[in-house]
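Data block below; observations after.
As the structure lists them, so they are numbered: ligands from 1, and atoms in each ligand from 1. For clarity, every value in this text was computed on a predicted model and none was experimentally measured.
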Amino acid sequence: MDFKYKVAELLSEASGISSSDLIEKIEIPPQRELGDYAFPCFVLSKSLRKAPHQIAGDLAANPILQAPFLEKVQQVGGYVNFFIKKGEYVKEVLSEVLFEGEQYARSSEGEGKTVLVEFSSPNIAKPFHVGHAFTTVLGHSISRIYEKLGYPVVRMNHLGDYGTQFGKLITAFRLWGDVDALHEAPIKELLRIYVKFHDEEKKNPDLTLRARENFRLLESGNEAEVNLWNEFRELSLKEFALIYDRLGVRFDNYNGESYYSDKIPAVVDMLNEKGLLIESEGAKVVMLDEYKLPPCIILKSDGTTIYASRDIAAALYRYDTYHFHKNIYVVGTPQALHFRQVFSVLDKAGYTFSKDCVHVGFGLVKFADMKFSTREGNIIVLDDLLKESVAKTYDIIKANAELRNTGMSESEIREISEKVGIGAVIYTFVKSGRERDIVFSWDEMLDFEGDTAPYLIYTYARSRSILRKAAEQGIFPAPPESESLLLLSTEEEFAVTRLIAEMPDAIKRAAQSYEPFMIARQTSQIARAFNRFYNNTSILNGTDLHEKEARLALCSAVCTSIAIGTNLLGIDIVERM
Ligand code: ARG
């Protein structure tokens with residue numbers, strides 16, 4: 001347990017204020033001389049009608065605060081500073097981690113509250129570009145974070161599998177499609193004919209009419225068009241599945257836009273009955289002035305449905321089906337207005353669940369130094385990014401294996417490179433706040449000393465190798481509650497432990513703000529603090545067996561924490577490297 005809570009409880013007992021109100025106020029002082037926790041008393045001066053320094057003085061002298069886990073309690077100005085007994089602290093925290101293993105930091109707060117996470121949602125027949133990679137990585141991580149907190153999670157892939165472009169594709173395929181090419185590389189072939197269609201359309205407007213007619217046939221369920229569309233969809237999905245497999249991502253539901261198209265008439269009726277549908281320039285819209293938003297178009301002037309109406313139908317369907325606690329959309333920030341309109345229409349129609357719908361946006365993806373031989377013009381396809389990352393990682397690991405003569409087999413090197421190379425790409429997406437633009441740079445993302453996945457994985461693998469080496473010598477980590485753990489009381493040991501103790505909080509904050517980077521940061525801080533400790537302490541060379549066992553226990557808790565952190569980010573670790 002994080003001792004912050006214990007401090008809050010003592011303060012609560014001494015002041016009569018609830019500890020949940022106090023916990024937010026407790027600070028971690030910037031300087032070690034000011035203790036491990038500090039409580040700023042000005043937050044109480046209004047209700048107690050006393051000056052902060054007086055309150056601090058009274059509290060510091062209060063016997064309630066003289067708990068056995070505290071070294072001393074001190075007043076400095078308007079602050080009460082708490083110094084905790086480091087050995088006790090380390091023992092308590094490590095015991096919990098050692099005891100719980102990978103279950104550490106799990107919570108049951110989400111029991112029975114279903115959370116829908118919609119992410120990835122690529123468009124059929126179009127390449128899976130790096131923007132889709134961003135939502136995929138974020139959504140995958142957010143799903144795991146909510147699961148860790150006990151929420152039942154449903155992963156939804158809202159495929160872009162509907163719209164007038166499918167009329168164009170059907171027309172184009174009948175004219176120029178190559179069946180063999182379609183089966184060999186579906187998206188490449190579909191993109192080729194789509195691009196061709198747009199070129200030809202400029203010269204031959206008749207194509208536009210034919211495309212429109214084919215879409216109409218598709219919408220009305222005409223067999224030939226539906227079959228072709230189905231084939232495009234299935235083949236695209238097969239290609240996407242390769243990417244998802246590689247990233248370790250799965251979905252519970254692939255209901256795309258097409259799934260909701262026949263649910264739109266009911267939406268139109270509902271909006272009509274509630275008197276919300278207004279005629280505007282031939283289209284049917286819902287006015288959203290009171291939300292300070294432009295009107296939301298529900299039906300276009302030709303009577304066809306649009307993206308927004310499909311999203312409204314989808315939200316209603318999701319609520320009926322899942323009675324969700326939260327309905328999260330991981331979609332790029334440029335669609336923020338769209339989601340505000342959709343949620344506002346639902347609110348205006350009286351659906352209170354609209355406040356549980358959340359748009360989780362993210363920034364753009366840029367490239368610093370990368371020269372890609374992209375297959376698809378100027379967009380960067382995830383597949384190429386992964387391929388290149390894995391290849392570069394392979395070179396690094398191979399060179400290192402030769403240098404250190406690790407005796408790793410070729411297949412082992414390949415397996416490790418795959419995990420580390422993909423991890424490096426994933427980490428780049430989750431290392432900063434999601435709304436910031438991302439800049440990919442090979443030098444940065446593959447730096448084994450930097451804030452990177454390779455660094456985390458390497459730290460993990462090295463700690464595992466220490467544990468293996470110790471086991472060969474017959475030395476094992478101290479078990480939970482062992483008195484040996486009290487021996488870990490240096491600043492460095494304390495620093496690592498403290499970061500581990502903060503992990504559960506970091507996970508909760510990450511869930512509340514839909515920000516996986518908070519977990520990335522916590523995990524990388526743990527790794528960094530551990531490496532500082534490791535570089536200054538020779539874990540296995542000491543003379544005292546109990547001390548060695550205690551340090552191995554710290555090592556083991558670090559491994560567990562890195563394993564938990566990377567898992568929540570969707571990154572695989574390796575046992576040696
Ligand atoms: N398919 C869309 C795109 O690639 C994203 C779909 C977002 N989800 C939604 N419910 N509108 O831009």
Side-chain angles (χ1 to χ4, degrees), residues 115-140 142-143 154-166 168-169 187 190-191 194 229 232-233 236-237 239-241 243-244 249 251-264 267 293 296-298 305-322 324 326-346 351 353-354 356-365 376 379-383 429 434-435 514:
V115 169
L116 308 190
V117 185
E118 185 213 288
F119 63 104
S120 199
S121 311
N123 301 319
I124 291 303
K126 295 265 179 68
F128 197 99
H129 60 71
V130 287
H132 290 124
F134 204 164
T135 137
T136 306
V137 166
L138 276 177
H140 182 44
I142 290 171
S143 303
V154 184
R155 294 158 165 83
M156 320 267 297
N157 195 334
H158 190 81
L159 293 173
D161 59 0
Y162 209 67
T164 46
Q165 70 271 30
F166 289 97
K168 297 179 189 171
L169 268 181
I187 293 175
L190 291 170
L191 190 71
Y194 192 69
W229 168 83
F232 297 161
R233 189 179 187 275
S236 303
L237 268 181
E239 209 169 317
F240 295 151
I243 298 172
Y244 295 143
V249 173
F251 294 92
D252 299 296
N253 187 311
Y254 285 90
N255 288 348
E257 290 182 40
S258 65
Y259 184 82
Y260 302 102
S261 76
D262 68 355
K263 298 178 176 50
I264 291 176
V267 172
L293 293 173
C296 182
I297 304 175
I298 304 294
T305 64
I306 66 155
Y307 189 53
S309 27
R310 292 194 280 274
D311 260 324
I312 294 168
L316 288 163
Y317 170 84
R318 289 179 191 180
Y319 192 72
D320 281 346
T321 313
Y322 300 103
F324 55 72
K326 259 178 213 273
N327 176 24
I328 298 170
Y329 298 80
V330 186
V331 181
T333 301
Q335 295 196 32
L337 174 63
H338 162 75
F339 284 107
R340 277 163 64 206
Q341 288 180 301
V342 167
F343 302 160
S344 300
V345 169
L346 292 167
Y351 295 102
F353 71 74
S354 68
D356 304 317
C357 296
V358 195
H359 171 223
V360 170
F362 53 84
L364 301 173
V365 184
E376 337 283 355
I379 49 171
I380 293 192
V381 184
L382 176 63
D383 210 30
F429 283 114
R434 58 182 158 77
E435 245 136 351
Y514 317 99

- [ ] Indicate the ring-plane relationship of Y254 and Y244, choosing parallel, tilted or perpendicular according to the 30° and 60° boundaries.
- [x] tilted

Open item on the list: For the aromatic rings, using the six-membered ring if either is Trp, is the centroid distance between Y260 and Y317 under 6.0 Å?
Closed with: yes

Task: Per-ligand residue contacts, ligand 1, heavy-atom threshold under 4.0 Å - done: E118, S121, N123, H132, H158, Y307, D311, Y329, V331, Q335, F339

Task: Pairing residues for D252 by the salt bridge (charged side-chain N to carboxylate O under 4.0 Å, His left out) criterion, not counting sequence neighbours - done: R250

Task: Qualifying residues under ring pair (Phe, Tyr, Trp, His ring centres under 6.0 Å), relative to Y514, sequence neighbours excluded - done: none

Open item on the list: Using only atom types and a distance under 3.5 Å, with no angle test, would you say the side chain of W229 pairs donor to acceptor with the backbone of L169?
Closed with: no

Open item on the list: The criterion is salt bridge (charged side-chain N to carboxylate O under 4.0 Å, His left out); which residues satisfy it with R155, sequence neighbours excluded?
Closed with: E147

